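Data first, discussion second: the structure below is written as structure tokens.
Just so you know, these numbers come straight off a predicted model, no measurement behind them. Numbering starts at 1 and runs along the sequence shown. What you see below is based on every heavy atom in this structure, not just the backbone, and it leaves out hydrogens, waters and symmetry mates.
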Amino acid sequence: MNTSAASPSVLALSGGIGGAKLALGLTQAMPPESLLIVGNTGDDFEHLGLHVSPDLDTLMYTLSGKADPEKGWGLASESWAFMQALEALGGETWFQLGDGDLATHVERTQRLRAGEHLTEIISDFCRRLGIASRIVPVSDDPVRTIVETPDGDLAFQHYFVRERCQSTVSGFRFQGADAAQPSPFFLEALKAPSLQAVVICPSNPFLSIDPILAVRGVREALQTCRAPVIAVSPLVGGDAVKGPTAKNLRELGHPVSATAVANYYRDFLKGFVVDTRDKATVPEIEKLGLTVEVADTLMTDLESKAALARIVLNFSQRCER
Ligand code: GDP
């Protein structure tokens, strides 16, 4: 694999918790400086006057070994003095911000206000946190996921955190995506001769991957990319490991199955990694014209993340066009 930081050999598209698990595995299975991770910013929002980027932060915390291993988001060994003080003052506490995490949001916000781009800020944070891979937001321009429900629109974090995904969803849209300029690192990587694989991490297809695909020119660039695009199923045993992926599939009229996810990405996908527990779906997925790999995709520790990443990288070679 090419080890030049400027020309990544593997490009991973990721949301937060599920995606970051595989991204960490990839850093163990290949030279980490040759990995470019494009993170979803549809979940970003302004809260308490701060710019919060949940998926980018989950990636940064996970890849720097600082993530809370239980929750999968936020920092390990976090303290909560700010939250407690805020609560005492009657402030909004539905979105949990640990003290260390708060520092990330404060520093990011003041740098954005000083005119730096999110890409530069995240790159600098990654360097300071000792992350060898490059993490970039899909765009420096705002992309905001809006959740459409029969009772009206909800801002993403109101749906996801405040309402714990209870609303029935009739659709999602990505405000700003049409006009957003994709990260130049992302588009350059897609065209780079050094690129050997594009990996769609096991993330929520609607809430984590779609906002990336919705940014102007991204879907077309994936369709014409010379390297194989492969996805890892975010379903294990026909259900989500965590979060609303299964509920979203059902509510949007898709079967809750690995096949439905593969079909959803079909226009740019070459290969699909399906969990061992879902191997009955292999013939259906092959009928979509995809190459299929069956693997244990449940990532419970560093070794299982690295093991899946090695399978994904080997599989990508099998999928080469
Ligand atoms: P979020 O932005 O924090 O919701 O995280 P993602 O969208 O990146 O990931 C959510 C998805 O990851 C859900 O569909 C989960 O089923 C999936 N997921 C979480 N852990 C695992 C795992 O160990 N293996 C697989 N295959 N999927 C996982």
Side-chain angles (χ1 to χ4, degrees), residues 11-28 32 35-47 50-78 80 95-109 118-119 121-139 143-145 156-157 159-161 164-165 183 199-212 232 234 240-245 298-302 304-305 308-309:
L11 176 55
L13 309 193
S14 175
I17 297 171
K21 285 188 190 178
L22 184 62
L24 178 60
L26 287 167
T27 66
Q28 308 295 300
L35 174 65
L36 174 73
I37 304 155
V38 175
N40 168 40
T41 54
D43 302 11
D44 286 24
F45 75 132
E46 281 274 328
H47 186 57
L50 301 173
H51 181 110
V52 181
S53 297
D55 285 359
L56 295 174
D57 293 352
T58 294
L59 283 163
M60 279 193 312
Y61 297 159
T62 303
L63 266 59
S64 61
K66 293 186 186 306
D68 183 314
E70 298 299 318
K71 297 202 296 273
W73 58 269
L75 290 162
S77 320
E78 187 60 285
W80 300 92
F95 194 85
Q96 295 283 301
L97 294 171
D99 298 336
D101 190 28
L102 184 64
T104 307
H105 310 312
V106 169
E107 181 61 14
R108 170 172 38 230
T109 304
L118 190 57
T119 299
I121 300 167
I122 298 295
S123 278
D124 187 50
F125 286 175
C126 285
R127 189 178 56 76
R128 289 171 189 272
L129 293 172
I131 299 170
S133 303
R134 185 183 273 275
I135 300 172
V136 295
V138 58
S139 175
V143 176
R144 297 291 173 266
T145 300
F156 175 76
Q157 294 299 348
Y159 164 74
F160 199 72
V161 177
R164 294 168 202 270
C165 309
S183 161
V199 179
I200 314 282
C201 288
S203 290
N204 185 315
F206 309 107
L207 290 173
S208 294
I209 303 301
D210 260 357
I212 297 177
V232 178
V241 178
K242 201 170 185 232
T245 302
L298 194 60
M299 296 171 279
T300 51
D301 55 16
L302 188 60
S304 53
K305 292 175 180 111
L308 179 58

Roughly how far, to the nearest 0.5 Å, is the NZ atom of K71 from the NZ atom of K242?
9.5 Å
Side chains of D301 and S304: is there a donor and an acceptor less than 3.5 Å apart?
yes
Side chain of R108, backbone of H51: donor and acceptor closer than 3.5 Å?
yes
Pairwise side-chain contact, L302 with Q28, heavy-atom cut-off 4.5 Å (strictly under)
yes
G15 and N40 have their tightest heavy-atom pair at CA-CB, 4.3 Å
For Y61 and T104, does a side-chain donor sit closer than 3.5 Å to a side-chain acceptor?
yes
Rounded to the nearest 0.5 Å, how far apart are OG of S123 and CD1 of I131?
10.0 Å
Tightest non-hydrogen contact, residues L97 and W80, listed as C-CZ3, 3.4 Å
Tell me the closest heavy-atom pair linking T41 and L118, and the distance in Å.
CG2-CD2, 4.2 Å
Could you check if a side-chain atom of F160 sits within less than 4.5 angstrom of a side-chain atom of N204, using non-hydrogen atoms only?
no
Check: S133 side chain, P32 main-chain N or O, donor-acceptor pair, under 3.5 Å
yes
Could you walk me through whether D101 and V52 pass the side chain to side chain contact (heavy atoms under 4.5 Å, CB included) test, one step at a time?
CA-CA 10 Å; D101 190 28; V52 181; over 6 Å; no
Would you call L22 and S14 a side-chain contact if the rule is heavy atoms closer than 4.5 Å?
no
Please check: side-chain N/O of K305 versus main-chain N/O of L24, any donor-acceptor pairing under 3.5 Å?
no
Which atom pair, heavy atoms only, marks the closest approach of G72 to I17?
O-CG1, 3.7 Å
Least distance between heavy atoms, C165 atom then P244 atom
SG-CG, 3.8 Å
Any non-hydrogen side-chain atom of P137 less than 4.5 Å from a side-chain atom of T119?
yes
Value for OG (S139) from CG (D44), rounded to nearest 0.5 Å, stands at 10.5 Å
Kindly give the heavy-atom pair with the smallest separation between A309 and L26, and that separation in Å.
CB-N, 3.4 Å
About how many Å separate CG of L56 and CZ of F125, when rounded to the nearest 0.5 Å?
10.5 Å
How long is the straight-line distance from CD1 of I37 back to CG of L63, given to the nearest 0.5 Å?
4.5 Å
